[in-house]
Amino acid sequence: MTSTPTTNIPVAVPAGSSSGARTGVGAAGPGGAGPRTIAGSLPGARSIAGRLLHGTPGRMRLFALLGAVAAVLLGGVSANALLASQAAVERAANNTAQVVRAQSIHVDLLRADAVATNAFLVGGLESAESRSSYDEALGRVASGLSEAAAAQPADGNALGELAKRVQTYAALVEQARANNRLGLPVGAQYLKQASAGLRTDAIPIVEQVVSANEQRAQAEFDRSNSSLQLLVGVVCVIGLVALAVWLARRTHRYLNPSLTGAVVVLLAALVVAATQISGVATATRDVSRGDYQRAVTLADITTAANDARSNESLTLISRGSGADNEKAWKVDRERVDQRLADLGRGSTLTDLWTRYANVHAQVRRLDDNGSWDQAVTLSTSTGSDGAARAYAAFDDRVASDRDTARKAAVGTLEGTAGSAGVWAALVALAALVAAWLVVRGVGQRIEEYR
């Protein structure tokens with residue numbers, strides 16, 4: 001069998017091409033070590049950056065980018081500071097309102113107890129006026145608990161437990177009334193148990209809620225001054241001024257309208273932000289030290305005074321064994337006296353309180369001298385010389401002043417930072433305009449440099 005010889009047939013190759021091009025395989029480089037760069041391929045990002053940032057024009061481009069970033073950063077920080085200040089004031093207003101709600105619950109609980117204990121002295125069925133006052137006070141407690149729980153979920157558990165304690169107190173008072181109408185002495189024990197339970201079980205919860213919200217409110221008062229964030233903006237402005245100086249020295253052109261305009265715009269934005277934040281901080285500080293503190297102090301006076309009034313009645317109910325209640329009355333009086341001195345409200349509240357305290361002293365003298373019936377009559381009397389009349393005049397005035405201070409504090413806080421959002425938007429827009437001016441100003445110098 002004869003084999004056919006293999007014949008190498010030459011193939012024509014177009015000029016300028018290679019076998020590698022025909023087969024789609026890159027030709028080997030020197031020594032066959034690897035593929036050569038394909039002709040016409042895009043240059044790498046590194047080479048592009050190198051050309052853009054090469055020499056003085058390149059540094060100008062880099063500084064223009066940094067200047068634009070600084071402008072945007074200043075606008076972002078300033079806008080955020082304004083919005084943070086506004087949010088802090090809004091939270092301060094909400095927490096202040098919650099403090100007032102909790103204090104109102106505290107006041108109404110003790111007011112209800114003061115009415116119940118004083119009405120109990122009369123014996124039999126209490127007057128319609130006393131019953132109405134008691135029911136209104138507990139009604140305000142119930143609505144206050146509902147509103148407070150809805151306004152501040154963090155207080156929900158405490159307020160729920162408080163509601164249970166209030167129900168227990170109300171049930172004991174009803175038992176005391178039922179027995180008192182029947183002339184049974186056990187009614188006095190129910191009433192004492194109710195009052196003691198109110199002070200040991202319910203009042204501490206209210207005080208905890210008040211304290212927690214006072215701390216929250218004070219923390220938000222402190223956060224309302226976010227001016228420290230603007231230090232970043234100051235650094236940004238200084239950086240842009242340094243850029244303008246460097247650019248003037250390099251190009252020997254000392255007036256750059258666009259870059260100067262950017263600095264002016266950013267300075268204006270920074271001043272506006274600082275002014276608004278300073279105004280908010282000043283207003284909240286004034287509220288914190290003024291109407292808010294006055295409302296808190298007046299509420300403290302009211303709770304101490306109502307506690308004193310209850311202790312006066314409990315002392316008489318005890319018929320000679322109420323020494324502890326009289327000691328508690330004296331402690332309450334010292335607290336009221338001190339808070340009135342702290343308040344500095346002039347002579348009106350002090351005179352009203354002194355008038356009631358003087359009548360109380362007469363009640364104690366009568367009781368200590370064995371004239372229990374006359375002491376009870378004087379304590380429950382709504383006549384011009386009666387303790388009930390004197391205390392009601394003081395309590396009404398304190399409540400009125402407290403409501404006025406409360407409304408002023410919450411109203412001022414709610415209206416303090418209302419325009420902060422608008423100013424934040426304007427500052428952010430000004431920063432964008434400044435960033436464009438920076439790029440435009442440096443770009444003009446780059447064109448002139450060429």
Carboxylate-amine/guanidinium proximity below 4.0 Å for [X] and [Y]:
X    : Y    : answer
E161 : R165 : yes
R333 : D337 : yes
D222 : R285 : no
D368 : R365 : no
D395 : R309 : no
E174 : R131 : yes
R406 : D291 : no

Do we see a donor-acceptor contact under 3.5 Å between the side chains of [X] and [Y]?
X    : Y    : result
S258 : R440 : yes
R402 : S104 : yes
N118 : S313 : yes
E312 : S379 : yes
R101 : Q98  : yes
N306 : D113 : no
E136 : S132 : yes

Open item on the list: Please find the pair of heavy atoms, one from N311 and one from N325, that lie closest to each other, and give the distance.
Closed with: OD1-ND2, 3.2 Å

Task: Between F394 and Y356, ring centroids under 6.0 Å - done: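 Between F394 and Y356, the centre distance exceeds or equals 6.0 Å.
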
TODO: Report yes or no: is the cationic atom of R177 (NZ for Lys, CZ for Arg) under 6.0 Å from the centre of the six-membered ring of Y134, at an angle within 45° of the ring normal?
DONE: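 Geometry flag: set, cation within 6.0 Å and 45°.
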
TODO: For a side-chain contact (heavy atoms from CB on, under 4.5 Å) with L298, tell me which candidate from L340, D401, V107 qualifies.
DONE: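 The passing option is D401.
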
